[in-house]
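This report concerns only the one structure given below.
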Amino acid sequence: MRFDRLGHTCVVGLQWGDEGKGKVVDVLVEHYDAVVRFSGGANAGHTIVAHGRKFALHQLPSGVLRDHVMSLIGCGAVIDPAVLLGEIESLRSRGVDIGDRLRISDRCQLVFPYHRRQDVLAERIAPAGGKIGTTSRGIGPCYADKVSRRWGIRLGELYRPDRLRERLASIISHKNAYLAALYDDRDPFDAARVTREYLEFAEQLRPYVCDVAAELSGLLASGKRVLFEGAQGSLLDIDHGTYPFVTSSTTTAGGVACGAGVPPTVLDSVVGVVKAYTTRVGEGPMPTELKGAIGQTIRERGHEFGTTTGRARRCGWFDAVATGYAAMVSGPRVLALMHLDTLSGFDELKLCVGYRHGGKTLNRLPAEAYTLSEVEPVYETLPGWREDVGKCRSWGDLPAAARAYVEEIGKRVGAPVGLVSVGPDRAQTIIVEEPA
Ligand code: GDP
Ligand code: IMO
Ligand code: MG
């Protein structure tokens, strides 16, 4: 697969997040001039491992480690300034200076402390079965305020202190009343203090804030190559995911146009990232979840603990029905298949190829989460392999059973596998020359 010939490309997760998007962006970025985040916020956690050094990025695009790359954050993303500035500082302390290479849209909505509190309290009082299992980063309340239009504040508004003071005073008085009435919260926010704090953030962020749509338009016009970095996974998409157990943004490839501010026709390709099995963090249906020893083995071998919250990820067999649905919506030209090494050592592997529900077989992801929670997976069984594949560097190095497993996933999901990852390190990557 010639990844240098994909053109303007979007990297998007086709499961429930944590597929390995950070690593894929890091591998592809040598062919690009700019990387753009277009959705989500500090709920994301993208890991890059290079030369034995590990970096976990939450809001910054995964191109920041490369000197030649511009990093942009489009208006579809939400910004938590304290977390973002912390990330920039933490990179600087490790020798990565972002310098003049970061641009953040003045149209990004801001996460405020009351969003984080609202997120936590809403989860705390949710009835049984009603918890989402959010990351507690204030993401849902922030996007809800954006859509309400009454309570959202955009990054650009920080540069009008007179207006900001007025708006925050009114919004915070509303939020205090709301939190007290609904959640019996007795710790009101001080509007003057929050305003002061955000005005300080504004000064620190000033060099980076601009009109990202205009900036991108200029980059595209001058022939620069742009990589769009999805956050979360397609099954967490607010519309196409397993609603209501989803995040609050558009995580599918369609989010690129609105979230970055580029015409939809700009995108030449989509790279769909999938794990060789399934993981999910938080609540919500997951038909192939393995609650016993096999799930535990995958979790331990794959180090399946959240990058953002440290929570143990739920693990299960690959679900070709759910992932196939995600592929239908995002339209990958090619798949990047991650964590193949984690599956070494099993006698056999299972792929979910259908769901049994009410005496019928479903071949497509149902719309309702409660229906999905009732289905029984229909499995195809494939032979496993014993060899450690972590040192394989070409398609031919992989055991035949591993190649057959990868090919079957490509066939079931409906796109060829062009990249196979056999470990977290940048070097542990196989480019499949001629994907089947
Ligand atoms: P993202 O949110 O999609 O960027 O994924 P995360 O970074 O949250 O989670 C993926 C985890 O798997 C990270 O710890 C990566 O370092 C690690 N990882 C990525 N690819 C591989 C792989 O092929 N094998 C193994 N063992 N780990 C991997
Ligand atoms: P990356 O980009 C995995 C999940 C949460 C929860 C649901 C809603 O690293 O793949 P939210 O805080 O967004 O309101 O939580 O979505 N979630 C993720 N799961 N990877 C992520 O991001 C996620 N971002 C959100 O666990 O179930
Ligand atoms: Mg992650």
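Count residues from 1 along the sequence. In listed order, ligands and their atoms are each counted from 1.
In terms of N/O distances under 3.5 Å, ligand 2 is not approached by Ile139.
For ligand 1, the atoms closer than 4.0 angstrom to any heavy atom of Ser421 are 20 (N), 21 (C), 22 (C), 23 (O). Less than 4.0 angstrom separates some heavy atom of Arg313 from each of these atoms of ligand 1: 8 (O), 9 (O). Those atoms of ligand 1 that come under 4.0 Å of a heavy atom in Thr342, given as number and element, are 26 (N). For ligand 1, the atoms sitting less than 4.0 Å from at least one non-hydrogen atom of Gly423 are 20 (N), 21 (C), 22 (C), 23 (O), 24 (N), 25 (C), numbered in the order shown with element in parentheses. The atoms of ligand 2 that sit less than 4.0 Å from any heavy atom of Arg311 are 5 (C), 26 (O). Of all atoms in ligand 1, numbered sequentially from 1 with element shown, those under 4.0 Å from a heavy atom of His46 are 1 (P), 2 (O), 4 (O), 7 (O).
Of all the heavy atoms of Asp341, the ones lying under 4.0 Å from any atom of ligand 1 belong exclusively to the side chain. Contact annotation: for Arg280 versus ligand 2, there are no heavy atoms closer than 4.0 Å. Residue Val422 touches ligand 1 through its backbone alone, judged by heavy-atom distances below 4.0 Å.
Taking atom 5 (C) of ligand 2 as the reference point, the nearest protein heavy-atom neighbour is Gly133 O, 3.6 Å. Gly45 O, 2.8 Å is the protein heavy atom nearest to atom 2 (O) of ligand 1. Of the protein's non-hydrogen atoms, the one nearest atom 10 (C) of ligand 1 is Asp18 O, 3.8 Å. In terms of protein heavy-atom proximity, atom 4 (O) of ligand 1 is nearest to Gly22 N, 2.9 Å. Protein heavy atom at the shortest distance from atom 14 (O) of ligand 1 is Thr47 OG1, 3.8 Å. Of the protein's heavy atoms, His339 NE2, 3.1 Å lies nearest to atom 28 (C) of ligand 1. Nearest non-hydrogen protein atom to atom 15 (O) of ligand 2 is Thr134 CA, 3.4 Å.
The aromatic rings of Tyr198 and Phe201 lie perpendicular to each other, with more than 60° between the two planes, well past the 30° mark. Below 30°, between 30° and 60°, or above 60°: for Trp151 and His174 the angle between ring planes is below 30°, a parallel geometry.
Between Asp18 and Arg313, at least one side-chain N (NZ, or NE/NH1/NH2) sits under 4.0 Å from a carboxylate O, which counts as a salt bridge. For Asp145 and Arg150, the salt-bridge test fails: no basic side-chain N is under 4.0 Å from an acidic carboxylate O. Using a cut-off of 4.0 Å between Lys/Arg side-chain N and Asp/Glu carboxylate O, Glu30 and Arg426 are scored as not salt-bridged. Between Asp319 and Arg280, none of the side-chain N atoms (NZ, or NE/NH1/NH2) sits under 4.0 Å from a carboxylate O, so this pair counts as no salt bridge. The pair Glu89-Arg92 meets the salt-bridge criterion, with a side-chain N (NZ, NE, NH1 or NH2) lying under 4.0 Å from an Asp/Glu carboxylate O. One finds no salt bridge joining Asp341 and Arg301 here, because no Lys/Arg side-chain nitrogen approaches an Asp/Glu carboxylate oxygen to under 4.0 Å.
Residues Tyr32 and Val69 have side chains not in contact (no heavy-atom distance under 4.5 Å, counting atoms from C-beta outward). Between Pro377 and Trp317, every side-chain heavy-atom pair lies at or beyond the 4.5 Å cut-off. Thr242 has its side chain within reach of Trp16: a pair of non-hydrogen atoms, C-beta onward, lies under 4.5 Å apart.
Residue-level check: among N/O/S atoms of Asp18, OD1 sits closest to the Mg ion (ligand 3).
For the atom pair NZ of Lys275 and CE of Met338, the computed distance is 9.5 Å after rounding to the nearest 0.5 Å.
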Trace of the ring-ring contact (aromatic ring centres under 6.0 Å, His included) decision for His31 with Phe3: CA-CA 8 Å; His31 309 300; Phe3 282 101; 7.7 Å; no

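Not a single heavy atom of Gly13 sits under 4.0 Å from any atom of ligand 1. Heavy atoms of Gln232 approach ligand 2 to within less than 4.0 angstrom. Close to ligand 2: Gly45, with a non-hydrogen atom less than 4.0 angstrom away.
Counting heavy atoms only, Val246 comes closest to atom 8 (C) of ligand 2 of the residues Thr135, Asp18, Asp119, Val246. Relative to atom 17 (N) of ligand 2, the option among Leu236, Thr247, Val273, Thr279 with the closest non-hydrogen atom is Leu236.
Gly45 lies close to the Mg ion (ligand 3), since one of its N, O or S atoms is found at a distance under 2.8 Å.
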